[in-house]
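Everything quoted here is computed from the prediction, not taken from an experiment. Naming: A, B, ... by sequence-line order, numbering from 1 per chain.
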There are 2 protein chains.
Amino acid sequence: MFFLKELPSSEMIASVTADVPDVDPEHVQTVLERLRSASVLLRDIEAFLRTHALSQTQFLALMMIAREPERNSLSAVEISKRLDVSKPVLSKTIGSLMDKGLLAPAKEQPVDQRQKQLSLTEKGQSVFTNVLPGYFALLGGAAM
Amino acid sequence: MFFLKELPSSEMIASVTADVPDVDPEHVQTVLERLRSASVLLRDIEAFLRTHALSQTQFLALMMIAREPERNSLSAVEISKRLDVSKPVLSKTIGSLMDKGLLAPAKEQPVDQRQKQLSLTEKGQSVFTNVLPGYFALLGGAAM
DNA sequence: CCCACATAGTTAGCATGGTAACTATGTGGA
DNA sequence: TCCACATAGTTACCATGCTAACTATGTGGG
């Protein structure tokens with residue numbers, strides 16, 4: 001997250017970037033503004049998801065499984081190819097989703113015994129279905 | 001941070017947003033792409049700052065003091081008006097910057113004894129000066 | 001004057017992110 | 001065959017974010 005409330009003035013950006021070759025101060029200004037909007041939106045999304053007792057990562061993990069075409073389960077390693085978090089974080093995320101009863105081991109386990117196939121429970125399906133419209137409404141309403 | 005490696009396909013966005021009134025799927029797509037770019041850039045910035053043993057918040061706190069016009073010190077409450085983090089986080093950030101010897105109590109303390117005026121040490125000045133060009137080079141080089 | 005309220009900052013406890021290092025299982029070439 | 005290496009997932013430990021509640025100081029109306 002980018003935590004500045006007030007962005008640096010154009011004058012300050014211009015004076016600082018003057019020392020740095022090949023940097024366009026106006027582009028820097030644009031990038032800073034977008035970082036700020038993205039951070040604000042991400043906070044709003046987190047606050048919204050928290051009202052459903054989900055973190056952003058938990059929600060995205062549910063989405064990866066729910067929206068996988070042709071299948072209703074994924075292994076952790078498959079989720080981690082779609083979700084950009086470290087392995088331990090994914091492991092903990094899956095653990096907390098299982099504790100909440102939103103995720104469970106899939107009925108059909110893979111031959112490779114190192115993997116754990118995971119699918120949404122009924123509760124997981126229904127929570128995801130409830131949250132999704134609000135999530136996209138936030139994305140759609142964002143001024144970026 | 002927004003942790004999807006692959007964004008949802010336009011088809012999926014279209015199908016989901018069809019249920020949500022007043023949401024333009026193309027706008028959602030744009031917002032998702034910007035969230036993703038912002039997250040990637042923020043990670044790059046964090047990685048860069050880490051090579052100088054600074055967190056993003058620590059660096060921004062230094063910047064707030066270093067770039068304050070007409071003054072060379074700020075109180076915590078003044079920093080918190082410019083930096084969008086909670087009071088306890090700011091308190092810890094200031095503590096860690098003081099531990100590193102980058103920040104110190106200012107020579108002139110305010111009359112209000114609840115406040116602690118803070119200024120950069122020489123080391124803090126020099127670290128900040130060293131880091132700033134690389135920081136703006138990253139911002140300037142970002143494709144957003 | 002003084003007590004209620006406001007403000008500055010800290011402490012305590014929790015959630016979520018990271019890396020390093022570990023176990024367990026699979027795989028491929030000598 | 002079997003041993004070195006690769007891959008899946010977990011454990012341990014730490015940094016940084018949050019809220020709630022605390023202490024200390026300042027301020028203003030009765």
Side-chain angles (χ1 to χ4, degrees), chain A residues 1-5 39-40 42-62 64 73-100 103 105-106 109-118, chain B residues 1-5 38-40 42-62 73-100 103 105-106 109-118:
Chain A
M1 306 284 256
F2 179 67
F3 292 123
L4 278 185
K5 278 180 187 159
S39 297
V40 168
L42 284 171
R43 287 200 164 183
D44 290 348
I45 290 173
E46 277 170 10
F48 165 70
L49 291 175
R50 202 157 41 237
T51 66
H52 293 270
L54 288 173
S55 72
Q56 170 121 227
T57 304
Q58 287 166 0
F59 173 71
L60 292 175
L62 291 183
M64 291 306 95
S73 69
L74 286 177
S75 66
V77 68
E78 289 173 313
I79 297 173
S80 84
K81 277 171 191 150
R82 296 159 174 78
L83 219 56
D84 200 1
V85 292
S86 65
K87 284 198 306 178
V89 168
L90 184 59
S91 190
K92 281 186 281 187
T93 301
I94 288 170
S96 64
L97 288 171
M98 291 179 76
D99 289 349
K100 291 180 203 211
L103 222 54
Q109 288 299 314
V111 180
D112 186 335
Q113 296 200 316
R114 293 170 302 177
Q115 296 179 21
K116 293 184 181 173
Q117 204 74 7
L118 299 158
Chain B
M1 307 283 254
F2 180 66
F3 291 123
L4 278 185
K5 279 181 187 159
S39 297
V40 169
L42 285 172
R43 286 201 164 182
D44 290 347
I45 290 173
E46 277 170 11
F48 164 70
L49 291 176
R50 202 156 41 234
T51 67
H52 294 269
L54 288 173
S55 72
Q56 170 122 226
T57 303
Q58 286 165 0
F59 173 71
L60 292 175
L62 290 182
S73 68
L74 286 177
S75 66
V77 69
E78 289 173 313
I79 297 173
S80 83
K81 277 171 189 150
R82 296 159 174 77
L83 217 57
D84 199 1
V85 292
S86 64
K87 283 199 306 179
V89 168
L90 184 59
S91 189
K92 280 187 282 186
T93 300
I94 288 170
S96 63
L97 289 171
M98 291 179 77
D99 289 348
K100 291 180 203 211
L103 223 53
Q109 287 300 313
V111 180
D112 185 336
Q113 297 199 316
R114 293 170 303 177
Q115 295 178 21
K116 292 184 180 173
Q117 204 75 6
L118 298 158

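The CZ-P distance, from A:Phe59 to C:dT16, rounds to 15 Å in whole Å. Summarising the geometry, the separation between NZ on B:Lys87 and P on C:dT7 is reported as 10 Å, rounded to the nearest angstrom. A:Leu103 places its CG atom 12 Å from the P atom of D:dG9, with the value rounded to the nearest Å. Rounded to an integer number of Å, the gap from B:Leu83 CG to D:dT16 P is 14 Å. For B:Ile94 and D:dT16, the CD1 to C1' distance is 15 Å, given to the nearest whole Å. Atom NZ in B:Lys116 sits roughly 12 Å away from atom P in D:dT25 (whole-Å rounding). Remark: P of C:dA15 and CD of A:Gln58 are 11 Å apart, rounded to the nearest angstrom. Following rounding to the nearest Å, A:Phe3 (CZ) and D:dG17 (P) show an atom-to-atom distance of 6 Å.
The minimum heavy-atom distance linking B:Lys5 with A:Ser80 is given by the pair NZ-O, 2.9 Å. The shortest heavy-atom contact between B:Ala61 and B:Thr93 is CB-CG2, 4.4 Å. Scanning all heavy atoms of the two residues, the minimum distance from B:Leu60 to A:Phe3 falls at CD1-N, 4.1 Å.
Counting any heavy atom pair closer than 4.0 Å across all strands shown, B:Lys92 reaches a base atom. Looking at heavy-atom distances under 4.0 Å, A:Arg50 makes no contact with the nucleic acid at all. Residue B:Val77 is classed as a sugar-phosphate contact, given heavy-atom separations below 4.0 Å to backbone atoms only.
Among the nucleotides D:dT19, C:dG26, C:dG17, the one closest to the side chain of B:Ser86 is D:dT19. Which of D:dG9, C:dT16, C:dT25 sits closest to the side chain of A:Gln115 comes down to D:dG9. Among the nucleotides C:dG17, C:dT10, C:dA8, the one closest to the side chain of B:Arg114 is C:dA8. Here C:dG18 is the nucleotide among C:dG18, C:dT19, C:dT10 with the atom lying nearest to any side-chain atom of B:Arg43.
Taking the nucleotide of DNA chain C with the nearest heavy atom to each of A:Asp84 and A:Val111, the more 5' of the two is matched to A:Asp84. Between B:Asp112 and A:Gln117, it is A:Gln117 whose nearest contact on DNA chain D lies nearer the 5' terminus.
Within the structure, every side-chain polar atom (N or O) of B:Thr57 is placed at least 4.0 Å from both OP1 and OP2 of D:dT16.
Checked by atom type and distance alone, the side chain of A:Gln109 pairs as donor or acceptor with a backbone atom of A:Gln117 at under 3.5 Å. Using a distance-only test at 3.5 Å, with no hydrogens or angles considered, no donor-acceptor pair links the side chain of B:Lys87 to the main chain of B:Ala76.
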